[in-house]
Enquirer: 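Just dropping this structure here.
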2 protein chains.
Amino acid sequence: MNKRVQLPPLDAFDRKILDILQQDNTTPQREIGDAINLSAPAVQRRIKRMTEAGVIQANVAVLDPAAVGQSITIFVEIEVISETAAQIEDAKREFAAAPEIQQCYYVTGEADFILVIVVPNMGDYEALTRRLFFGNSNVKRFRTFVAMDRVKVGLHVPLGA
Amino acid sequence: MNKRVQLPPLDAFDRKILDILQQDNTTPQREIGDAINLSAPAVQRRIKRMTEAGVIQANVAVLDPAAVGQSITIFVEIEVISETAAQIEDAKREFAAAPEIQQCYYVTGEADFILVIVVPNMGDYEALTRRLFFGNSNVKRFRTFVAMDRVKVGLHVPLGA
DNA sequence: TCTCCAATGAAACAAACTTGCAAATGAGAG
DNA sequence: CTCTCATTTGCAAGTTTGTTTCATTGGAGA
């Protein structure tokens, strides 16, 4: 399914294009071209190549959660009891399937999973904990952090390297 | 600066449009229209309205961090010493300004800030901790979690409500 | 120096977005 | 129950943007 085509070393042009698209992917190709001294078709071909190579994974609209009634962002640290490969895979699958879980990472350290959860209100979060954590016999402990301020939110990847 | 226009209650059409754009904002308006039984211009006007209202905050390309040399994702929980308004604002500003810090939240609970950091390697992270945490006299303690697997990553907001 | 390959730009072409306008829809007043 | 007004819609025309074609350029390697 994944048409990972090749590994084309990104040059300075590619990085500048990515930098622009990471901020606004509705920027016209001609405008990008003007900014980096390249023609629109050249920009278009590079974007296509990077998309096929998987460097660009998606093109998405970013919404204001509060504007669609999802006012609360919560972090959860989870510690599991058994860390067998099968159990971990099960947990990953379950967390990934829950729409309220916006992000899920399997981590080292004092916790095993870190989740970012988006819900309309605390009642919904409480219901979610019952379903996902108390209802999962492999969850040993979890700690909740409620976001008071989303200081910086995004998926922007630095391109300095 | 922020042209928050009005608060138009989103109807079922709007929500379906947002749902599609959250997954792929390159979807042609005519295709969206076909999917929800609306004409392309109607879709276009709704998107414009929601963008002006701030419901749609941005349109961005999502990159594969590993493909651009940023292989490591790290979570950091930070506890500060003094939580005066001024100190907190300073911290927010400093964290928001760092390009390696992809996400920053001010939270309740056993920590004060949670950061998501993206760096090329552990050496860079170590340098970052020296600069941002050890170099900041208001940081009391910080805990590091290194992501072994980015199980689910995105900014998708559930639209069930 | 020569050859070959990959990438480029200009121009033609196709697709998508945007606007103008008349018709339809729905809410509220009379 | 009907009328009116404000809003939203669809169609069609116009504009912008994206895509393809093709001849040319610029190098890397022989």
Side-chain angles (χ1 to χ4, degrees), chain A residues 2-64 67-69 155-156 159 161, chain B residues 2-64 67-69 155-156 159 161:
Chain A
N2 235 334
K3 289 190 184 174
R4 195 62 46 99
V5 173
Q6 51 176 352
L7 183 85
L10 303 180
D11 62 14
F13 286 127
D14 290 323
R15 271 194 287 271
K16 281 187 204 161
I17 291 171
L18 292 176
D19 198 33
I20 292 170
L21 294 181
Q22 269 197 116
Q23 296 191 265
D24 181 3
N25 72 353
T26 67
T27 311
Q29 295 169 352
R30 191 173 44 79
E31 197 172 313
I32 299 174
D34 289 347
I36 67 180
N37 255 23
L38 221 55
S39 70
V43 172
Q44 126 88 4
R45 284 184 280 252
R46 282 165 178 271
I47 292 174
K48 186 183 177 198
R49 200 160 46 82
M50 291 190 285
T51 301
E52 287 169 348
V55 178
I56 297 174
Q57 292 189 318
N59 288 282
V60 304
V62 179
L63 308 189
D64 176 6
V68 294
L155 294 176
H156 194 282
L159 292 175
Chain B
N2 236 333
K3 290 192 183 171
R4 195 60 45 99
V5 173
Q6 51 177 351
L7 184 84
L10 303 180
D11 62 14
F13 286 128
D14 289 325
R15 270 193 288 273
K16 282 186 202 161
I17 292 171
L18 291 176
D19 199 33
I20 292 170
L21 293 182
Q22 269 196 115
Q23 297 191 266
D24 182 2
N25 72 353
T26 68
T27 311
Q29 296 169 352
R30 191 172 45 80
E31 198 173 312
I32 298 174
D34 290 347
I36 67 180
N37 255 24
L38 223 54
S39 70
V43 172
Q44 125 89 5
R45 285 183 279 249
R46 282 165 179 271
I47 292 175
K48 186 184 176 196
R49 198 159 46 84
M50 291 190 285
T51 301
E52 287 169 347
V55 178
I56 297 174
Q57 292 190 316
N59 287 283
V60 304
V62 178
L63 309 189
D64 176 7
V68 294
L155 294 176
H156 193 281
L159 292 174

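Just so it is clear: chains get the letters A, B, ... in the order the sequence lines come, proteins before strands, and each one is counted from 1. Heavy-atom basis, side chains included; hydrogens, waters and symmetry copies ignored.
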Enquirer: Where do A:K48 and A:R45 land on the side chain to side chain contact (heavy atoms under 4.5 Å, CB included) test, with the steps shown first?
Expert: CA-CA 5 Å; A:K48 186 183 177 198; A:R45 284 184 280 252; 5.6 Å; no
Enquirer: Quick one: do A:L38 and A:R46 satisfy side chain to side chain contact (heavy atoms under 4.5 Å, CB included)? Show the steps, please.
Expert: CA-CA 11 Å; A:L38 221 55; A:R46 282 165 178 271; 3.6 Å; yes
Enquirer: Between atom CD1 of A:I47 and atom CG of A:L18, what is the distance when rounded to the nearest 0.5 Å?
Expert: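 Output value for this atom pair is 8.5 Å.
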Enquirer: Using 0.5 Å steps for rounding, measure from the CD atom of B:Q22 to the CG atom of B:L155.
Expert: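 Nearest 0.5 Å value for the CD-CG distance: 9.0 Å.
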Enquirer: Once rounded to the nearest 0.5 Å, what's the spacing between atom CD1 of B:I56 and atom CG of B:D14?
Expert: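 That separation rounds to 9.0 Å.
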Enquirer: Going 5' to 3' along DNA chain D, which nucleotides are the first and last within contact of chain A (any atom under 4.0 Å from a heavy atom)?
Expert: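 With heavy atoms of chain A under 4.0 Å away, the range is D:dT17 to D:dT21.
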Enquirer: Measure the shortest side-chain to side-chain distance between B:M50 and B:I17 over non-hydrogen atoms and say whether it is less than 4.5 angstrom.
Expert: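 Contact flag for B:M50/B:I17 side chains = yes.
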Enquirer: Near DNA chain D, counting only heavy atoms under 4.0 Å, which residues of residues 19-29 of chain A show up?
Expert: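 Within residues 19-29 of chain A, the residues near DNA chain D are A:P28, A:Q29.
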Enquirer: Would you kindly compare B:R45 and A:Q44 by the position of their nearest DNA chain D nucleotide and give the one closer to the 5′ end?
Expert: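 Nearest nucleotide further toward 5': that of B:R45.
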Enquirer: Apply side chain to side chain contact (heavy atoms under 4.5 Å, CB included) to B:D34 and B:R30, showing your working.
Expert: CA-CA 6 Å; B:D34 290 347; B:R30 191 172 45 80; 4.2 Å; yes
Enquirer: With sugar-phosphate meaning primed atoms plus P, OP1 and OP2, does B:R30 contact a base, only sugar-phosphate, or nothing at under 4.0 Å between heavy atoms?
Expert: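 Result for B:R30 = sugar-phosphate.
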Enquirer: Please evaluate residues B:D19 and B:H156 with respect to the criterion side chain to side chain contact (heavy atoms under 4.5 Å, CB included), reporting the C-alpha separation (whole Å), side-chain torsions for both, the decisive distance (0.1 Å), and the verdict.
Expert: CA-CA 9 Å; B:D19 199 33; B:H156 193 281; 3.7 Å; yes
Enquirer: Starting at the 5' end of DNA chain D, which residue's closest nucleotide do you reach first, B:L38 or A:K48?
Expert: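 Taking each residue's closest nucleotide, the earlier one in sequence belongs to B:L38.
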Enquirer: Calculate, to the nearest 0.5 Å, the distance between atoms CG and CD1 belonging to B:N37 and B:I32 respectively.
Expert: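 It is 14.0 Å, given to the nearest 0.5 Å.
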Enquirer: What range of DNA chain C does chain A touch, first nucleotide to last, counting atoms under 4.0 Å from its heavy atoms?
Expert: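 Span of nucleotides near chain A: C:dT8 to C:dA11.
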Enquirer: Return the OG1 to CD distance between A:T26 and A:E31, rounded to the nearest 0.5 Å.
Expert: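 Reported value, rounded in 0.5 Å steps: 8.5 Å.
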